[in-house]
Amino acid sequence: MITLQNIDFSYEDKKVLNDISLTINKGEKVVLLGSNGSGKSTLLRILAALYFPKKGEYLFHTKKIIKKNIDKDFRKKVGILFQNPESMIFNPTVKDEIAFSLREFDEEGIEEKVLQVSEKFGIAHLLHKNPLELSGGEKQKVVLASILVYEPEILLLDEPTAAMDPRTTGWFVDLMLDIETTVIVATHDLSIAYEVSNRAVVLDEKHTIVYDGDIEKLFGDLEILQKANLIHKHKHRHKKDFMHSHYHLHF
């Protein structure tokens, strides 16, 4: 479904992705792990064709993705959710926000589709509210609903639980396990990663992939986790005045 071949990307002189090669198959749920600044968000934006690589190729269904061939059909197939939901909200009501993309894609049965997704997401009672007045978790639900309502083939999520409380986070995990859409979740939260996927792709602070495989095996590899700054090693002072080292996982 998706193939990246030797992708490089830089902001002016600062390289943020370094020789990235990756294949995502239809129906997979993949977590993209890395500390802040590792390049996770940039990689998602390349996959959404919001940015274009300085080097390498991006193939979507074997079609090379370049700026001049991005059309409405591609935009409908690929949905992206940013970490800050407010950056994606610009309609006066929740109902209008969810319906907006359907109108953009000339969908039929808009009222019915909006009601269906809002009921599934538990936000039907908010349809006439101003989305900017909602809680962080509710805003994230609204934006996610506005993407999934047009049924994209692939869903790209950038730190989706950052604004969610524990109850909403639990709802999100259940949703990820339930939907059949291909999903890539960028996060530095190991607990969320473990719950939503069996496959992990890890970016280190040199902006390169240092692991791609089973998440259970990853959690047993402290060296990789520490190299990617997903765990840290620190010292703990015991009452008897000696020091020992142990690892702290960011759960």
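Side-chain contact check for D96 and T93: at least one donor-acceptor pair (N or O, by modelled atom type) lies under 3.5 Å. Side chains of T3 and Y58: a donor-acceptor N/O pair is absent below 3.5 angstrom, by distance only. A side-chain N or O of D189 and one of S191 form a donor-acceptor pair less than 3.5 Å apart.
In this structure, the side chain of S118 engages the main chain of V114 through a donor-acceptor pair within 3.5 Å. Side-chain atoms of H188 do not come within 3.5 Å of backbone N or O of G34 as any donor-acceptor pair.
Under 4.0 Å is where a charged nitrogen must lie from a carboxylate oxygen, and between K55 and D19 no such pair does. A salt bridge does not link K40 to D158: none of the charged side-chain nitrogens sits closer than 4.0 Å to a carboxylate oxygen. Salt-bridge check for R75 with E104: failed, with every basic side-chain N at 4.0 Å or more from each acidic carboxylate O.
Across I98, V117, L134, a single residue satisfies side chain to side chain contact (heavy atoms under 4.5 Å, CB included) together with I123, and that is I98. With respect to K76, the salt bridge (Lys or Arg N to Asp or Glu O under 4.0 Å) criterion is satisfied by exactly one of E107, E153, E151: E107.
A 6.0 Å sphere centred on CG of N198 holds no more than 12 heavy atoms belonging to other residues, nucleotides or ligands.
A cation-pi arrangement, defined by a distance under 6.0 Å to the six-membered ring centre and an angle within 45 degrees of its axis, is present between K54 and F9.
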- Message: Run the salt bridge (charged side-chain N to carboxylate O under 4.0 Å, His left out) test on K77 and D73 for me, step by step, so that the C-alpha distance in whole Å, both residues' side-chain angles and the decisive distance to 0.1 Å come before the verdict.
- Response: CA-CA 6 Å; K77 289 178 179 177; D73 182 61; 3.2 Å; yes
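Among residue pairs with one or both ends in residues 24-39, those qualifying as salt bridge (charged side-chain N to carboxylate O under 4.0 Å, His left out) are E28-R199; sequence neighbours excluded.
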